[in-house]
Every structure is written in structure tokens, then in C-alpha cells.
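Note sheet for the following structure.
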Amino acid sequence: TKGAPGYTQSTVNSNSPFKLFLGGVPGYLTDVQVRELVQSFGTIKAFNLVHDKDTGLNKGFGFFEYSDTNVTQAAIDGLNGTRLGDKTITVKL
């Protein structure tokens, strides 16, 4: 949720070389659920799951970045190709 320690909700697309793309997210998942998944590898510096303005559901993609950039590759290796419901997520730089 907004204001949680170590968490920034941002729609600004950072030019950081460590910003990760997250795709293939099932539309019924909430920000909290998706953030909990990616936080399993480390503290999140920034997180933005893109939503449909009419339905409020996520559009299946977003961006995030870890506070500790050393976990970035481990997160890619651990999350990319993971099945979530009927979808396979993509995580890449």
C-alpha cells in the first residue's frame, strides 16, 4: 500500500539500468499480491503496476526496482517464466 516502509508507488519511468519490466501478470491480481511476489527477492525501491483507468484492473504489466541492485539478476532468474494462474510472467531488464 502507499506509504509502506521501503515502498514507492511511482508512475514515473525511471531511466535506471536496474528497472525491471514485469509482464504477463493476471489481471485479477492486486498491487499488494504482485508486490509481495517480487519482494520475495528483496526490498522494493519503486513499483508500478499499470492499471486500466476504466476497470481498475491491472493491464498485465508493470515496472519495479530493488533497493539492493545485487538481487536484480537473482529475481530475473527466479521469477521469469513463473506460472501465475493461467499466465506465465516475464521479468527482464
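This structure is a prediction, so every number in the text was calculated from the model and none was measured.
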task: For residues Asp31 and His51, determine if any side-chain heavy atom of one lies less than 4.5 Å from a side-chain heavy atom of the other.
output: yes

- request: Any chance you could measure Gln39, atom CD, to Ser67, atom OG, to the nearest 0.5 Å?
  value: 9.5 Å

- prompt: Between Leu37 and Ile76, is there a shared hydrophobic cluster once you connect ILVMFWY residues whose side-chain heavy atoms come closer than 4.5 Å?
  reply: yes

Heavy-atom closest pair, residues Phe41 and Gly78: CZ-CA, 3.7 Å

task: Step by step, work out the side chain to side chain contact (heavy atoms under 4.5 Å, CB included) result for Val38 and Tyr66.
output: CA-CA 9 Å; Val38 299; Tyr66 290 101; 3.8 Å; yes

task: Could you walk me through whether Thr43 and Asp68 pass side chain to side chain contact (heavy atoms under 4.5 Å, CB included), step by step?
output: CA-CA 7 Å; Thr43 302; Asp68 178 0; over 6 Å; no

query: Using 4.0 Å as the upper bound for N to carboxylate O, is an ion pair formed by Lys45 and Glu65?
result: yes

message: Do Val50 and Phe21 sit in one hydrophobic cluster, given that two such residues count as connected whenever their side-chain heavy atoms are within less than 4.5 Å of each other, even indirectly?
response: yes

- request: Check whether any side-chain N or O of Asn58 sits under 3.5 Å from a backbone N or O of Leu29 as a donor-acceptor pair, and report yes or no.
  value: yes

statement: When rounded to the nearest 0.5 Å, the distance separating NZ of Lys19 from OG1 of Thr72 is 13.0 Å

task: Going by the side chain to side chain contact (heavy atoms under 4.5 Å, CB included) test, name the single residue among Phe63, Phe61, Phe64 that passes it with Leu22.
output: Phe64

field: Steps toward side chain to side chain contact (heavy atoms under 4.5 Å, CB included) verdict (Thr69, Val71)
entry: CA-CA 5 Å; Thr69 58; Val71 302; over 6 Å; no

Under 3.5 Å, sequence neighbours excluded: what are the donor-acceptor pairs made by side chains of residues 83-93?
residue: Arg83; atom: NH1; partner: Thr88; partner atom: OG1; Å: 3.0

task: Spell out, as yes or no, whether a donor-acceptor pair under 3.5 Å connects the side chain of Gln33 to the backbone of Thr30.
output: yes

